[in-house]
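Working notes for the structure below.
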Amino acid sequence: MTTRRRFTLTQYLIEQRRRFPGASGDFNALLLDVALACKAIARSVAFGELSSVLGHAEPEVTTNVNVQGEEQKRLDVISNEYFTQMTEWGGHLAGMASEEMDHPYQIPEAQQRGKYLLVFDPLDGSSNIDVNVTVGSIFSILRAPQDVIDSGRDVVETDFFQPGSQQMAAGYALYGPTTMLVLSVGNGAAGFTLDPNLGQFMLTHPNLQIPADTQEFAINASNSRFWEPPVKRYVDECLAGKTGPRGKDFNMRWIASMVAEAHRILMRGGVFMYPRDTKDPSKPGRLRLLYEANPIGFIIEQAGGRASTGRQPMLTVQPTSLHQRIGLVFGSKNEVERIERYHTEPVPREIENPLFAPRSLFRD
């Protein structure tokens, strides 16, 4: 019996490192620490209620509401601890920032400090965990400012204010029927599947590519009354199907887990929209720029797709706060560009459609 030869994540990173003969190996070692944290989270997710990790965070562990104003699950807290504890010791990091922490995380004084910054959402989609829907982790690696590297000082929020184009690596782990790690180190995007027998991430999707065209879109339709005209125009045209201006039928998807949405798009194309809307004028979007939009945008563009705010390329946005929110559209290149174009064109006459029109399935 012959077995197919597959690279492990370690071997893949060694191959990538050969593009930079002067590299020290710290970058690879940091990514392997992150992968270890993802393995630990995958284990906790897999046991679910059997290990008593579901439900709300205990008051003695942390408050029940994080800095985002969102209710924390116990597994949010545990996942955050896995990330910090498994990456702080290696001497590769100058500091970290997490969606679950108010302020930057300082590397303990007893530990050596390095030249990278790690930002992460330890458990994306955790509102779905109690109903056994796919969740994941998202992470991004930045280079620390030179004065941080030279002085070894504590990091401050502004050290993390780097546009997405400056990311050195980004990735996500997907905890579903199988555990997968999708990673880009700036040379395309690759997918790795966790082999439970070996405990290793194996390269199973070496060159992920997103089709430029699609007939699927994902959006939270319950927010339709708050959408801006360009978004409403796009969705209306999709829903009009073959008889509408697009001349083809579309399918609508919504999982409420961005990692799962991004993974579906990487596997077969599509477009995801969580755009800026008028639901809360104080928030220019729902998703976090540093922990979600930038890393996912980086991966999507490395796979030939496009990521945007609807008004400008996502990776060009200059961050202004640690927990900054933003609108996000990503996926198949031609569809995202169409949505961007709609943001610059005059609003046309509204299209009749049976779903969101005033007299519709949702009428009072």
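A quick note: this is a predicted structure, and the numbers were derived from the prediction, not measured.
More than 12 heavy atoms of other residues, nucleotides or ligands sit less than 6.0 Å from atom CG of Asp249. The 12-atom threshold is exceeded at CD of Gln318, counting heavy atoms of other residues, nucleotides or ligands nearer than 6.0 Å. Few gaps surround NZ on Lys248; more than 12 heavy atoms of other groups in view lie less than 6.0 Å from it.
Expressed to the nearest 0.5 Å, how far NE2 of His205 lies from CE of Met180 amounts to 4.5 Å. Summarising the geometry, atom SG belonging to Cys38 is positioned 12.0 Å from atom OH belonging to Tyr172; distances are rounded to the nearest 0.5 Å. Atom-to-atom distance recorded for Phe120:CZ and Met101:CE is 4.5 Å, nearest 0.5 angstrom.
With salt bridges taken as basic N to acidic carboxylate O contacts below 4.0 Å, one links Arg233 and Glu237. Under the 4.0 Å criterion applied to side-chain N and carboxylate O atoms, Glu335 and Arg246 are assigned as salt-bridge partners. One finds no salt bridge joining Glu261 and Arg253 here, because no Lys/Arg side-chain nitrogen approaches an Asp/Glu carboxylate oxygen to under 4.0 Å.
Residue pairs meeting the salt bridge (Lys or Arg N to Asp or Glu O under 4.0 Å) criterion with at least one member in residues 145-158, sequence neighbours excluded, are Arg113-Asp154, Asp147-Arg153, Arg153-Asp159. Screening residues 132-168 for ring pair (Phe, Tyr, Trp, His ring centres under 6.0 Å), with sequence neighbours left out, gives no hits.
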Gln167/Asn294 under side-chain hydrogen bond (donor to acceptor under 3.5 Å, both in side chains): CA gap, chis, key distance, verdict: CA-CA 8 Å; Gln167 293 173 104; Asn294 272 348; 5.0 Å; no
Glu340 vs Ser308, side-chain hydrogen bond (donor to acceptor under 3.5 Å, both in side chains): CA-CA, chis, key distance, verdict: CA-CA 8 Å; Glu340 290 177 312; Ser308 174; 2.8 Å; yes
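Residues Pro230 and Glu345 have side chains not in contact (no heavy-atom distance under 4.5 Å, counting atoms from C-beta outward). Counting heavy atoms from C-beta outward, Ile138 and Tyr291 have side chains that stay 4.5 Å or more apart. At a threshold of 4.5 Å between non-hydrogen side-chain atoms, the residues Val317 and Gln312 count as touching. Looking only at side-chain heavy atoms (C-beta outward), Met96 and Val119 stay at 4.5 Å or farther from each other.
Checked against the 6.0 Å centroid threshold, Phe272 and Trp254 count as a close aromatic pair.
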Give every donor-acceptor pair under 3.5 Å between a side-chain atom in residues 22-37 and any protein atom, sequence neighbours left out.
| from | atom 1 | to | atom 2 | distance (Å) |
| --- | --- | --- | --- | --- |
| Ser24 | OG | Asp26 | N | 3.3 |
| Asn28 | ND2 | Leu13 | O | 3.1 |

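One hydrophobic cluster, built from ILVMFWY side chains closer than 4.5 Å, holds both Phe83 and Val45. Clustering ILVMFWY residues whenever any of their side-chain heavy atoms sit less than 4.5 angstrom apart, transitively, puts Ile300 in a cluster other than the one holding Leu183. Each of Leu9 and Ile14 belongs to its own hydrophobic cluster when Ile, Leu, Val, Met, Phe, Trp and Tyr are linked at side-chain heavy-atom distances under 4.5 angstrom. Linking ILVMFWY residues whenever their side-chain heavy atoms come closer than 4.5 Å, directly or via other members, leaves Trp227 and Ile326 in distinct clusters.
Here the options are Val336, Val329, Leu289, the test is side-chain contact (heavy atoms from CB on, under 4.5 Å), and the partner is Met314; only Leu289 passes.
For Ser332 against Pro211, the heavy-atom pair with the smallest separation is OG-O, 2.8 Å. Val155 approaches Gly95 most closely through the heavy-atom pair CG2-CA, 3.9 Å.
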